[in-house]
Amino acid sequence: SLLEDFADGVVSSWSEVPDVVAEWTSSATEDLSPAVFAEQLVKAAGGGEFWPRFLEEGIQDVATLKLLTEEDLKELGLPLGCRRRLLAALN
């Protein structure tokens, strides 16, 4: 998938990010590393305030984000809407 390619460092431009993610975020960054993309993805889904919690749990890249279940996201404190948006972007 596109997100897996990004996690492997293959995606080189925000124009290659899925439309659903581009629609959520109003700002792009020049740093397209998998860690920065994971943070932007969580923020775009409405979970920016929870990003430090992801880091505390060692979740800092898209490959790891893709392993999370809705229950995992709930445990991290994300509200329902944010969980749904993030899961939709990751699947």
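Along the sequence shown, residues are numbered consecutively beginning with 1. Heavy-atom basis, side chains included; hydrogens, waters and symmetry copies ignored.
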Novice: Once rounded to the nearest 0.5 Å, what's the spacing between atom CD of Glu71 and atom CZ of Arg83?
Specialist: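 If I round to the nearest 0.5 Å, the distance is 8.0 Å.
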Novice: So how far is it from Cys82 SG to Glu49 CD, rounded to the nearest 0.5 Å?
Specialist: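 So the SG of Cys82 and the CD of Glu49 are separated by 8.5 Å.
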Novice: Between Arg84 and Glu70, is there a side-chain N and carboxylate O pair less than 4.0 Å apart?
Specialist: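 Counted as a salt bridge, because a side-chain N and a carboxylate O are separated by less than 4.0 Å.
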Novice: Would you please name every residue forming a side chain to side chain contact (heavy atoms under 4.5 Å, CB included) with Glu56, sequence neighbours left out?
Specialist: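 So Glu56 forms a side chain to side chain contact (heavy atoms under 4.5 Å, CB included) with Arg53.
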Novice: Among pairs that include at least one residue of residues 68-91, which meet ring-ring contact (aromatic ring centres under 6.0 Å, His included), considering only residues two or more places apart or in two chains?
Specialist: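 Pairs touching residues 68-91 that pass the test: none.
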Novice: Do you know the tightest heavy-atom contact between Thr64 and Gly58?
Specialist: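 The answer is CG2-O, 4.3 Å.
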Novice: Taking all non-hydrogen atoms of both residues, which atom of Ala38 and which atom of Leu65 are closest, and how far apart?
Specialist: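 Distance-wise, the nearest heavy atoms are CB-CD1, 3.7 Å.
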Novice: To the nearest 0.5 Å, what is the distance between NZ on Lys66 and CG on Asn91?
Specialist: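 Atom-to-atom, Lys66:NZ and Asn91:CG are 6.0 Å apart.
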Novice: Would you name the heavy atoms of Arg85 and Gly46 that are closest together and state the gap between them?
Specialist: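 Scanning both residues completely, I find the closest heavy atoms to be NH2-CA, 4.2 Å.
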Novice: Is there a side-chain contact (heavy atoms from CB on, under 4.5 Å) between Ile59 and Leu76 once you walk through the steps?
Specialist: CA-CA 11 Å; Ile59 304 162; Leu76 289 167; 4.0 Å; yes
Novice: Please report the closest heavy-atom contact between Trp51 and Gln60, naming both atoms and the distance.
Specialist: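 Heavy atoms of Trp51 and Gln60 come nearest at CH2-CA, 4.0 Å.
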Novice: Using the side chain to side chain contact (heavy atoms under 4.5 Å, CB included) criterion, which residues pair with Phe50? Sequence neighbours excluded.
Specialist: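 With neighbours one apart ignored, the set is Phe54, Leu78, Pro79.
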Novice: Leu87 and Leu68: which non-hydrogen atoms are nearest, and at how many Å?
Specialist: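 Shortest heavy-atom separation between Leu87 and Leu68 comes out as CD2-O, 3.9 Å.
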